[in-house]
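These figures come from a predicted structure and were not determined experimentally. Residue indices begin at 1 and follow the sequence shown.
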Amino acid sequence: MTTQELTYQHDNITFRAFCALPKALKEKTPTVLIAHAGFGRNEFACQQAERMAESGYIGVALDVYG
């Protein structure tokens with residue numbers, strides 16, 4: 001598994017998502033988006049992204065607050 005942080009912007013606000021990629025990454029690997037609870041992206045959301053990668057999906061723990 002490979003993990004990395006993705007940054008993206010909307011309305012001049014920078015957001016940081018956590019991305020977990022499976023070892024056997026294919027051209028059309030399904031992606032699962034994980035929205036965090038009310039306090040922002042946390043370790044639990046990132047762990048869920050990693051669980052998705054272990055199951056063969058791309059897991060992305062979103063940052064909805066910036």
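Residues in residues 31-40 take part in no salt bridge (charged side-chain N to carboxylate O under 4.0 Å, His left out) pair, two or more places apart or across chains.
Put simply, the side chain of His36 never gets that close to the backbone of Ala61: no donor and acceptor are under 3.5 Å apart. A donor-acceptor contact shorter than 3.5 Å links the side chain of Tyr65 to the backbone of Gly38.
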When the side chains of residues 12-35 are checked against the rest of the protein, which donor-acceptor pairs come out under 3.5 Å, sequence neighbours left out?
residue, atom, partner, partner atom, Å
Thr14, OG1, Gln9, NE2, 3.0
Thr29, OG1, Lys26, N, 2.8
Thr29, OG1, Lys26, O, 3.0

With a 3.5 Å cut-off and sequence neighbours excluded, list the donor-acceptor pairs that the side chains of residues 43-58 form with protein atoms.
residue, atom, partner, partner atom, Å
Gln48, OE1, Arg51, NH1, 3.0
Ser55, OG, Arg51, O, 3.3

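By the 4.5 Å side-chain criterion applied to Ile, Leu, Val, Met, Phe, Trp and Tyr, Leu6 is assigned to no cluster and stands alone.
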